[in-house]
Amino acid sequence: MRILYSFGIRFLTVALSAAAAVAAVSCTAAGLLQQDRELHITVRLPDAAAYAAGTDYAGYVVQPDAATISEIAGWDVVCTQPSGSRRISVAPNAGSCTVSVTQDVPAGILAYPVIADGTSHFPVYPAGCIYPYGRSCTIQDGFAADILSSLYAGASSSSDSEYFAQIFNWPRFMDAVRRNKTEAEAAGTQYNPWLLDKSAVLTAIANRTFSVRKLTLTERPDESTD
């Protein structure tokens, strides 16, 4: 009986030690997984000289009414995810920059041209992109990136942020903006998403009632992005 009892104690000790080792390995793996989720990605920036050349850049309106733009002194790049915003300053002709993002979580990345004193932005529309769907800041995707960044900044709960990040269809949102531009050009007009009612767009997405009709001047049959 004493032998069985002793054997049982030794077996329990070994089992507990093994369980502790597995737990330690699991914790280490979880820590590594969390670290692996942090990525450093290269984001392309617009050509500064071309961006500053006029009111029309790559077929898009860059400047609001009465705004002017001269030589760009640099780029103020802001990357926003549910965890917050990160800002870096980039030389005007750098061509690209490196930003940190959480893997596979959509990020609104905006590039603002900086005036000569390096302290403020030109009163112009920023270029942008949404990771992981793109890594080149363009004027055509700046509006979508700004909308996503604004939603994250105004999110009142983690479930809101999760919806904006994982459920809302950002590729379709950006495709709708591009399609509206193409159709406007075919009709001999211009399409500028920055002239839309941004507050209405934000409210519709936050309320889960958004459709791409919000991105057009002429409403179409309902097209949900969910």
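Since we're looking at a predicted model, the values are computed, not measured. Side-chain atoms are counted along with the backbone in the values below, which use heavy atoms only and exclude waters and symmetry mates. The first residue of the sequence shown is numbered 1, and numbering continues consecutively from there.
Interatomic distance, I205 CD1 to N169 CG, rounded to the nearest 0.5 Å: 11.0 Å. Here the CG atom belonging to L39 is positioned 9.0 Å from the CZ atom belonging to R37, to the nearest 0.5 angstrom. For the atom pair C97 SG and H40 NE2, the distance stands at 13.0 Å (nearest 0.5 Å). Rounded to the nearest 0.5 Å, atoms CZ (R135) and OH (Y131) are 5.5 Å apart. T203 OG1 to K214 NZ: the interatomic distance, rounded to the nearest 0.5 Å, is 8.5 Å. In this structure, OG1 on T80 lies 11.0 Å from CG on L151, to the nearest 0.5 angstrom.
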Take S157 and S159, measure what side chain to side chain donor-acceptor pair (under 3.5 Å) needs, and give me the verdict at the end.
CA-CA 5 Å; S157 67; S159 63; 2.9 Å; yes
Steps toward side-chain contact (heavy atoms from CB on, under 4.5 Å) verdict (V177, Q140)
CA-CA 8 Å; V177 171; Q140 67 180 7; 5.8 Å; no
Before you tell me yes or no, could you show the steps for V212 and R179 under side-chain contact (heavy atoms from CB on, under 4.5 Å), namely the whole-Å CA-CA distance, both residues' side-chain angles and the distance that decides it to 0.1 Å?
CA-CA 11 Å; V212 293; R179 185 179 69 229; 4.3 Å; yes
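Across Q81 and T102, no two heavy atoms sit closer than the pair OE1-N, 2.8 Å. Here the shortest heavy-atom pairing between A184 and Q190 reads CB-C, 3.9 Å. Nearest heavy atoms, M174 versus Y133: CE-CB, 3.9 Å. Looking at every heavy atom in both residues, N93 comes nearest to A48 through OD1-CB, 3.9 Å. Contact record, G142 with L110: O-CD2, 3.5 Å, taken as the closest heavy-atom pair.
A 4.5 Å side-chain heavy-atom check between F168 and I147 finds every atom pair outside the cut-off. Two residues are said to be in side-chain contact when any heavy atoms from C-beta on lie closer than 4.5 Å; I167 and R208 fail this criterion. Contact of the K198 side chain with the D146 side chain is registered, since non-hydrogen atoms from C-beta on lie closer than 4.5 Å. The shortest side-chain heavy-atom distance between V99 and R86 does not fall under the 4.5 Å cut-off. Under the 4.5 Å side-chain criterion, counting only non-hydrogen atoms from C-beta, R87 is in contact with D76. Inter-residue side-chain proximity for S149 and V78 is flagged as unmet; no heavy-atom pair is nearer than 4.5 Å. Residues Y152 and P106 are in side-chain contact: their nearest non-hydrogen atoms beyond the backbone lie under 4.5 Å apart.
Between the side chain of N180 and the backbone N or O of L215, at least one donor-acceptor pair lies under 3.5 Å. For W75 (side chain) and Y112 (main-chain N/O), no donor-acceptor pair under 3.5 Å exists by modelled atom type. A donor-acceptor pair under 3.5 Å links the side-chain atoms of W170 to the main chain of F164, judged by distance alone.
Remark: C137 pairs with V43, L45, P46, I109, A111, A127, C129 by the side chain to side chain contact (heavy atoms under 4.5 Å, CB included) rule, at least two apart or across chains. Applying the ring-ring contact (aromatic ring centres under 6.0 Å, His included) rule to F143 yields the partners W194; only residues at least two apart in sequence or on another chain are considered.
With salt bridges taken as basic N to acidic carboxylate O contacts below 4.0 Å, one links D141 and R178.
Applying the ring pair (Phe, Tyr, Trp, His ring centres under 6.0 Å) test to pairs two or more places apart or on separate chains, none has a residue in residues 78-105.
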